[in-house]
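Shown below is the structure under consideration.
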There are 2 protein chains.
Amino acid sequence: MDYRTHSRLSHRANIFKALAHPSRLLIVEELAKRERCVCELTEKIGADVSTVSKHLSVLKNAGIVSDEKRGAQVWYELQMPCVLSFFDCVERSITARAEFQLEVEREARS
Amino acid sequence: MDYRTHSRLSHRANIFKALAHPSRLLIVEELAKRERCVCELTEKIGADVSTVSKHLSVLKNAGIVSDEKRGAQVWYELQMPCVLSFFDCVERSITARAEFQLEVEREARS
DNA sequence: ATTATATTTGGTTATATTGCCAAATAACCA
DNA sequence: TGGTTATTTGGCAATATAACCAAATATAAT
């Protein structure tokens with residue numbers, strides 16, 4: 001793989017990596033509804049605030065969310081709404097696979 | 001986060017995780033053009049065959065590709081073509097961010 | 001039958017990720 | 001001012017990933 005290709009794909013991989021965690025996916029789903037402060041997201045996720053803060057920093061560095069400080073709180077907003085359409089793609093694939101598995105098992109039984 | 005939500009998001013995260021590596025993204029791009037055997041992909045990637053084989057197994061376990069053995073070779077095929085449309089989404093975001101950075105720098109200079 | 005090619009698997013080492021705690025920072029309130 | 005709340009950062013321990021080599025397996029070729 002030449003340097004230029006590797007650089008392009010590494011950049012792209014970083015965005016996938018940022019989304020590759022259940023808590024961060026929950027954050028994205030919540031931010032798709034409306035902006036949220038760290039305390040609200042911490043409540044939803046049920047982990048230590050410091051952990052959630054680090055997850056948010058991963059998403060922010062990838063350009064997926066942005067933050068804005070208002071008073072003592074920091075509010076996060078989704079900056080890449082097109083990830084949501086990929087969730088649909090993933091969901092369809094998961095469903096298709098589950099159905100395929102059932103099919104295989106049905107055939108194995110018969 | 002309740003158990004059901006966590007399970008759903010973990011599953012989804014596994015798909016993102018499978019795509020979160022430059023070599024695996026290259027594999028997806030190549031398979032988007034046509035099916036490929038392991039040796040062809042190994043050539044393109046420029047890593048040890050065993051490494052490429054393991055990358056392929058990650059993609060296969062995630063349901064992103066499928067494999068078929070023909071003679072001594074194993075041919076891989078893309079099973080989740082909708083990932084390609086997400087690449088566009090990611091690319092647009094990367095470009096938008098790069099332009100934003102330039103803007104910030106321009107303002108800083110003036 | 002033996003050799004060569006294609007692919008996967010096991011093992012090891014190096015590196016990256018994740019989670020929590022403690023501490024630092026910042027804004028608000030009494 | 002002093003205390004409380006919201007958030008981030010540093011550090012550490014546990015776990016997960018990734019790369020290569022060596023070895024195992026399967027097919028093709030001589």
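Just so we're on the same page: letters track the sequence lines, and every chain starts at 1.
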Interatomic distance where NE2 belongs to A:His21 and C1' belongs to C:dG19 [whole Å] = 9 Å
Do A:Leu19 and A:Val28 touch side chain to side chain, with heavy atoms closer than 4.5 Å?
-> yes
Nucleotide range of DNA chain D lying under 4.0 Å from chain B heavy atoms = D:dT17 to D:dA28
Identified pairing partner of D:dA19, criterion: Watson-Crick or G-U wobble below 3.5 Å = C:dT12
What pair of heavy atoms forms the shortest contact from A:Leu78 to A:Ile64, and how long is it?
->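 Where A:Leu78 meets A:Ile64 most closely, the heavy atoms are CD1-O, 3.6 Å.
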Report the residues that fulfil side-chain contact (heavy atoms from CB on, under 4.5 Å) with B:Ser53, sequence neighbours left out, ordered by chain and then residue number.
-> none
Could you pick out which residue, A:Gln73 or A:Lys17, lies toward the 5' side of DNA chain C when each is mapped onto its nearest nucleotide?
->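 It is A:Lys17 whose nearest nucleotide is closer to the 5' end.
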Is there a residue in residues 32-71 of chain A whose heavy atoms reach under 4.0 Å of DNA chain C, and which residues are they?
-> A:Ala47, A:Asp48, A:Ser50, A:Thr51, A:Lys54, A:His55, A:Lys69, A:Gly71
Is there side-chain contact between A:Ile15 and A:Met80, with heavy atoms separated by less than 4.5 Å?
-> yes
On the 0 to 90° scale, with breaks at 30° and 60°, tag the B:Phe16-A:Phe16 ring pair as parallel, tilted or perpendicular.
-> tilted
Would you call the rings of B:His21 and B:His55 parallel, tilted or perpendicular if under 30° counts as parallel and over 60° as perpendicular?
->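 The rings of B:His21 and B:His55 sit tilted, inter-plane angle from 30° to 60°.
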NZ/NE/NH1/NH2 to OD/OE distance under 4.0 Å, A:Arg34 and A:Glu40 | no
Ionic contact status for A:Glu29 with A:Lys44, cut-off 4.0 Å | no
Whole-Å distance between C:dT18 C1' and A:Ile27 CD1?
-> 13 Å
